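Order of the sequence lines fixes the chain letters, A, B, ..., with proteins taken first and strands second; residue numbering starts at 1 for each chain. Quick caveat, the model's predicted, so the values are computed rather than measured.
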2 protein chains.
Amino acid sequence: MKLLIVEDESKIGDYLRQGLAEAGFVVDLARKGLDGHHLAMTEDYNLLILDVMLPDIDGWEILKSLREADRNVPVLFLTARDNIDDRVKGLELGADDYLVKPFAFAELLARVRTLLRRGAAPAGETTLAIADLELDLMRRRVTRAGQRIQLTAKEFALLELMMRHKGEVLPRSLIASQVWDMNFDSDTNVIDVAIRRLRAKVDENFQPKLIHTLRGMGYMLDLPEEG
Amino acid sequence: MKLLIVEDESKIGDYLRQGLAEAGFVVDLARKGLDGHHLAMTEDYNLLILDVMLPDIDGWEILKSLREADRNVPVLFLTARDNIDDRVKGLELGADDYLVKPFAFAELLARVRTLLRRGAAPAGETTLAIADLELDLMRRRVTRAGQRIQLTAKEFALLELMMRHKGEVLPRSLIASQVWDMNFDSDTNVIDVAIRRLRAKVDENFQPKLIHTLRGMGYMLDLPEEG
DNA sequence: CTGAACCATTACAATTTTGTAATGACCCCG
DNA sequence: CGGGGTCATTACAAAATTGTAATGGTTCAG
C-alpha cells in the first residue's frame, strides 16, 4: 500500500509520514504542490492525502488535473477548519473524504483504512459510462468531465435506466413503469419534467448533449449522430 | 434461459408460453399455484412470471415462501388493473417488476429481457448481509426476513456504514463524518435520531435485534451475544 | 439515594424532493 | 400560414426527508 502525502508544513508532513509508515504503509511525501502533482501523475499510489492550502498550487487544482487525466486514485483532503468553500469544491471534484485540521492521528488512520478498503474493490460491473459521463452504481455518484454531479434519487434512477439502455429509445411507458411505480394510465408530465431536471444537471453545461428527444417515441441517451 | 409461468387462466398461459418459446426461451407452465410453487422451489429458473390471482395460493404467497427459502430468482408479477394492494405487497416482498393485465406482449418481452439481463450479472461484491438482514448495494434494496424495507438515502447510508463495519463499535464522530458532511464540532443529536429511525424500520418488528448502543462509545451492528 | 451524563423518543420546523398545472415554443401536416 | 399535437419550461403545491429541540428514562458514580 503506497500513499502520497502533499503537505507544505513540514512539521505536519513529517508527523504524518512517520505515523503512516509505522502503521505499515509505504509513504512518499511532497512538500511542494507541484512536486506532489508530478508524482501523482507519474507514480501509482493507492491513496493521496492532499493539503488544500499550498503555496504554489492548491490541493483542488491538483485534484482537478488528476480527474481530468482519469486518474481515479482515492483522495483524502486536509482542509482548514471553517473553510467550507474548499471542502465543497473538493467534494464536487471527486475527493473521497476530508479531514479538518487539526485532527487526531487515529482519526486519519481510520479514514485512510476505509478509503483503501473501498478502493481495493476492483470496480466490477459497478460503473456505467458514456462519453465523459460516468455513473458509479455502488457509490451513487455521477461525474461529467470529472466534475461531481449531485442527483436526487429519482434523477439517479432515471439516468441509470437510460444508461443501461444507451442507444435505445425509451418510450414513456417504459420509463414510467421502471422509475415510477405506475403503469401509465395517467396523463402526467412527470417524466418530461424529470428529464428536464436531469438535462439541467447532466447536459446543460457540457458538450456533447447526451439526452435526446425522439418526437412521438420517447427519450434516448446516446452520443449525437456524426455529420 | 429457463422461465416458469404460473398462470391459471389457460388462454393467457398458453399465449405467453407460445410467445416466449418463439422468442427463444425454455418455458415451463404451471396452471395451479401449488404446482408452480413446487416447481419454483425445486427447479432452477432464470425468471418467474407469477399471476397474483390464483385459485389456490396467490402469487405473493409463493413469492414470500421463495424469499424465505432464499431463492433469489427475479420475479415478474402479473396483476389485475387497479389492484394496487397486490402490487404494493408484491414489490415489498421483493418482486422485481410487475405488469398490469391486459398488456401488450411486446411489453412483457421487454420486461423479461431486462430482468434477465439484470439477473445475469452474477452478484459481485454487491451485497452485504448479517443474520436475515440483507442490503443490495447496486439496487439500493434492503430486506429483512425476506421482506422489503424502504429506506431513505440517509438511512441507507447509515446502515451501509454499519454493515460494512459489523461487529465494530462506531463512534459518533466517525458516523458524523461518513454519513453527514460534518466533522463533529456541533452538538446535535441527528445521529441518535437517525439511529432511532433506522431501528424502527430494521429492528422493530424483528428478532434478533441487530443495532446496539454502547454507552459512551457509539453504536454497533452485530448479532447479540450468546447466553 | 441522588445527580449528572447519556441516550431514547417525540413533536415540530426547515429543507429538499417530487408532482401538478399552466403557458409558450416548436414541429409537422394540411 | 394556421392549427393540432408534442415537448420545454416555469411556477407553484404537495409530500417526503432531514434536522432541531424539548422532554423523559436509564445508568452509573459518588
Side-chain angles (χ1 to χ4, degrees), chain A residues 84 88 91 140 142 149-162 169-205 209-221, chain B residues 84 88 91-92 140 142 148-162 169-205 209-221:
Chain A
I84 306 278
V88 170
L91 289 173
R140 303 262 122 179
V142 176
I149 294 177
Q150 194 71 33
L151 297 187
T152 69
K154 283 272 183 278
E155 286 162 3
F156 193 96
L158 176 56
L159 182 58
E160 178 179 352
L161 178 69
M162 298 186 84
V169 180
L170 303 178
R172 281 184 176 66
S173 68
L174 213 222
I175 296 176
S177 73
Q178 296 285 322
V179 177
W180 282 264
D181 192 10
M182 60 190 199
N183 269 52
F184 226 54
D185 332 327
S186 52
D187 56 342
T188 164
N189 72 338
V190 249
I191 295 175
D192 302 50
V193 174
I195 287 276
R196 166 78 171 80
R197 309 216 244 240
L198 191 57
R199 273 181 169 147
K201 292 189 180 178
V202 158
D203 259 354
E204 202 148 284
N205 302 304
K209 304 304 177 201
L210 296 174
I211 300 175
H212 307 282
T213 306
L214 287 103
R215 192 183 172 79
M217 324 228 58
Y219 295 96
M220 177 170 72
L221 187 80
Chain B
I84 306 277
V88 170
L91 288 174
E92 269 174 4
R140 302 263 123 177
V142 175
R148 176 78 181 280
I149 294 176
Q150 195 71 31
L151 297 187
T152 69
K154 282 273 182 283
E155 286 161 3
F156 193 96
L158 176 55
L159 182 58
E160 178 180 351
L161 178 69
M162 297 185 84
V169 180
L170 302 179
R172 282 183 173 68
S173 69
L174 212 223
I175 297 177
S177 74
Q178 295 287 322
V179 177
W180 282 262
D181 192 10
M182 60 190 197
N183 270 52
F184 225 53
D185 332 326
S186 52
D187 56 342
T188 164
N189 72 338
V190 251
I191 294 175
D192 302 49
V193 174
I195 287 276
R196 167 76 171 82
R197 312 217 244 240
L198 191 57
R199 272 181 170 146
K201 292 189 180 178
V202 157
D203 259 352
E204 202 147 284
N205 302 303
K209 304 304 177 202
L210 296 174
I211 299 175
H212 307 281
T213 305
L214 286 103
R215 193 183 173 78
M217 324 228 55
Y219 296 96
M220 178 171 70
L221 187 80

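Residues forming a side chain to side chain donor-acceptor pair (under 3.5 Å) with Arg197(B) (at least two apart in sequence, or on another chain): none. Scanning for side-chain contact (heavy atoms from CB on, under 4.5 Å) contacts around Ala153(B) gives an empty result, with sequence neighbours left out. With sequence neighbours excluded, no residue forms a side-chain contact (heavy atoms from CB on, under 4.5 Å) with Asn205(A). Evaluation of the salt bridge (Lys or Arg N to Asp or Glu O under 4.0 Å) rule for Glu160(B) yields Arg140(B), Arg164(B) as partners, not counting sequence neighbours. Remark: Ala157(A) engages Val179(A) in a side-chain contact (heavy atoms from CB on, under 4.5 Å) (not counting sequence neighbours). Take Arg196(B) and apply the side chain to side chain donor-acceptor pair (under 3.5 Å) test, not counting sequence neighbours, and it matches no residue. For Val142(A), the side-chain contact (heavy atoms from CB on, under 4.5 Å) partners are Leu133(A), Leu135(A), Ile149(A), Leu151(A), Phe156(A), Leu159(A), not counting sequence neighbours.
dA21(C) atom P lies 16 Å from atom CD1 of Ile191(A), rounded to whole Å. Rounded to whole Å, atom P of dT17(D) lies 15 Å from atom CZ of Phe156(B). Remark: P of dC6(C) and CG of Leu214(B) are 14 Å apart, rounded to the nearest angstrom. Atom CG of Asp187(A) and atom C1' of dC7(D) are 15 Å apart (whole Å). We find that CG of Leu158(B) is positioned 11 Å from P of dG19(D), with the value rounded to whole Å. The CD1-C1' distance, from Ile175(A) to dT18(C), rounds to 16 Å in whole Å. Distance, Ile195(A) CD1 to dG19(C) C1': 15 Å, rounded to whole Å. Rounding to whole angstrom units, NZ of residue Lys209(B) and P of dA8(C) are separated by 14 Å.
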Report, one pair per line, the protein and nucleotides 27-30 of chain D atoms (nitrogen or oxygen only) whose separation is under 3.5 Å.
{"unit_1": "dT27(D)", "atom_1": "O2", "unit_2": "Arg215(B)", "atom_2": "NH2", "d": "3.3"}

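Between Thr213(A) and dA8(D), a side-chain N or O to OP1/OP2 separation shorter than 4.0 Å is present. For the OP1/OP2 pair of dT20(C) and a distance below 4.0 Å, the side-chain nitrogens and oxygens of Thr188(A) include at least one atom meeting the criterion. Contact annotation: Trp180(B) does not reach the phosphate of dT18(D) (side-chain N/O to OP1 or OP2, under 4.0 Å).
With a 4.5 Å cut-off on side-chain heavy atoms, Val169(B) and His212(B) do not count as touching.
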| said: Output one letter per nucleotide in nucleotides 9-17 of chain C: B when a protein non-hydrogen atom lies under 4.0 Å from the base, S when only the sugar-phosphate is that close, - when neither is. | reply: BB------S
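Checking side-chain atoms of Asp203(A) against main-chain N and O of Lys209(A) turns up no donor-acceptor pair under 3.5 Å.
At the heavy-atom level, Tyr219(B) lies under 4.0 Å from the strands shown only through sugar-phosphate atoms.
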